[in-house]
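Heads up, the thing below is written out as structure tokens.
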Amino acid sequence: MPKTVLSCIQPTGKLHLGRYFGAIKNWVDLQHEYDAIYGVVNYHAMTMPYDIKKLIPASWDLAFDLIACGLDPEKIFIQSLIPEHTELAWIFNTMTSYGELSRMTQFKDKSAQVEDGGKNAFISSALYVYPVLQAADILIYRAQYVPVGKDQEQHLELTRNIAQRFNHITGKEFFQLPEPLFTEIPKVMSTADPTRKMSASLGDKHHIDLFATPERIRKQIKSAVTDTGSAGSEMSPGVENLFSLLKATGNQDTHQELFDQYYQGQLQYGHLKQVVGDALVETTEPIRERRAEILSDKKAVKNQIKASSAAIRVRAQETLKEVKDLVGLLNVRYH
Ligand code: TRP
């Protein structure tokens with residue numbers, strides 16, 4: 001049996017190149033080797049202030065985007081179609097201490113964001129307990145590996161602690177401890193401020209939308225910050241970022257060639273940008289095409305995602321049934 005890999009993504013904001021090269025591309029590769037499951041986690045998207053009217057379209061759009069990127073639709077689920085996740089999270093809440101949740105650095109960061117955000121916003125208790133829901137997302141499929149970025153390391157550690165505590169409390173080695181998969185992934189920085197990670201929340205100038213038109217991609221690369229201040233012997237973060245993007249597109253030879261030129265002092269940034277822009281347009285071309293196809297028959301694709309969520313749900317139900325037995329809860333009879 002191939003091992004199970006699971007990862008999830010929140011339907012907040014559009015997919016940009018940072019998310020694609022930093023996560024999704026790797027997911028596409030992993031699905032061929034592993035029993036892979038990927039979730040669009042809409043319950044997580046409710047932990048920050050959000051727009052009710054936009055959540056459903058955002059969830060579908062993200063699922064479409066993932067398929068356009070090359071994920072197999074059968075491996076994708078939408079979290080709210082599998083209510084067992086939130087049910088398991090409640091059980092896990094009873095096994096998670098207030099103290100360990102208080103140490104989550106992402107909670108501190110995000111609550112600061114909420115406080116900056118507006119007068120009616122408040123920090124919800126869902127934001128506080130959200131790592132517990134994440135643990136449920138992972139353990140409900142008994143996933144062995146979780147491909148995530150370093151920013152999720154603490155949540156993975158918490159997931160392992162919860163699994164261990166569950167096993168201890170119930171006296172059964174029920175959950176295996178999942179491991180993070182930190183693969184070597186390019187760090188894509190903002191093109192407007194290359195000292196910061198590319199992120200949608202920084203604003204339009206900072207990230208390149210994965211589905212942007214070729215013209216827009218080229219234009220954004222053209223206006224990318226390169227050298228700031230005096231050019232020393234060290235490569236500036238902006239130039240380094242352009243090189244990372246080029247490498248991420250898989251053009252190793254060109255990358256090496258331009259890299260050598262740079263160190264010989266012969267590289268023109270205009271040329272580098274031209275090459276990076278072309279490479280990005282080429283890499284994203286099939287993704288744009290597939291997305292256009294999906295949009296021409298949204299209904300069929302939605303039905304596909306509903307069906308795969310239903311199939312994946314069966315696995316979640318099996319785990320939850322056993323969990324409820326183990327912790328002393330009456331069970332629903334599903335069939
Ligand atoms: N917390 C993750 C993030 O913010 C998203 C996520 C939710 C996740 N559940 C997960 C990631 C389970 C991996 C596994 O990016």
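First listed ligand is number 1; within each ligand, the first listed atom is number 1. Scope of the values below: all heavy atoms of this structure, side chains included, with no hydrogens, waters or symmetry mates. We number each residue from 1, following the sequence as shown.
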Closest non-hydrogen atoms of Ala143 and Leu6, given as atom of the first, atom of the second and distance, are CB-CB, 3.8 Å

Against heavy atoms of Val146, which atoms of ligand 1 measure under 4.0 Å? 13 (C), 14 (C)

Taking the side chain as every heavy atom from C-beta outward, state whether His85 and Leu133 have any atom pair closer than 4.5 Å. yes

Using distance alone, decide if ligand 1 has a nitrogen or oxygen within less than 3.5 Å of any nitrogen or oxygen in Lys110. no

So, for Cys8 and Phe77, which heavy atoms are closest and what is the spacing to 0.1 Å? SG-CZ, 4.3 Å

For Leu6, the ligand 1 atoms with a heavy-atom partner under 4.0 Å come out as 12 (C), 14 (C)

In terms of atom number and element, which parts of ligand 1 are under 4.0 angstrom from non-hydrogen atoms of Gln10? 4 (O)

protein heavy-atom neighbour closest to atom 5 (C) of ligand 1 works out as Cys8 O, 3.7 Å

Does a side chain donor of either Gln31 or Tyr38 reach within less than 3.5 Å of an acceptor in the other side chain? no

Mode of Asp151 contact toward ligand 1 - side chain, backbone, both, neither (heavy atoms, under 4.0 Å): neither

Among protein heavy atoms, which sits nearest to atom 9 (N) of ligand 1, and what does the distance come to when rounded to 0.1 Å? Asp137 OD2, 2.7 Å

Does ligand 1 come near enough to Ser7 that some N or O of the ligand is less than 3.5 Å from an N or O of the residue? no

Check each atom of ligand 1 against the heavy atoms of Tyr130 and keep those under 4.0 Å away; list them by number with element. 1 (N), 2 (C), 3 (C), 4 (O)

Can you name the nearest heavy-atom pair linking Thr319 to Arg142, along with the distance? OG1-NE, 3.8 Å

Ignoring hydrogens, just give me the one of Ile9, Val41, Val148 whose non-hydrogen atom is nearest atom 13 (C) of ligand 1. Val148

Evaluate the ring planes of Tyr98 and Tyr128, with Trp represented by its six-membered ring, and classify them as parallel (under 30°), tilted (30 to 60°) or perpendicular (over 60°). tilted

For atom 12 (C) of ligand 1, which candidate among Gln134, Gln152, His155, Gln79 holds the nearest heavy atom? Gln134

Just by distance, with hydrogens left out, do Asp109 and Gln113 show a side-chain donor and acceptor under 3.5 Å apart? no

Measuring only between side-chain heavy atoms, which start at C-beta, is Arg291 closer than 4.5 Å to Leu210? no

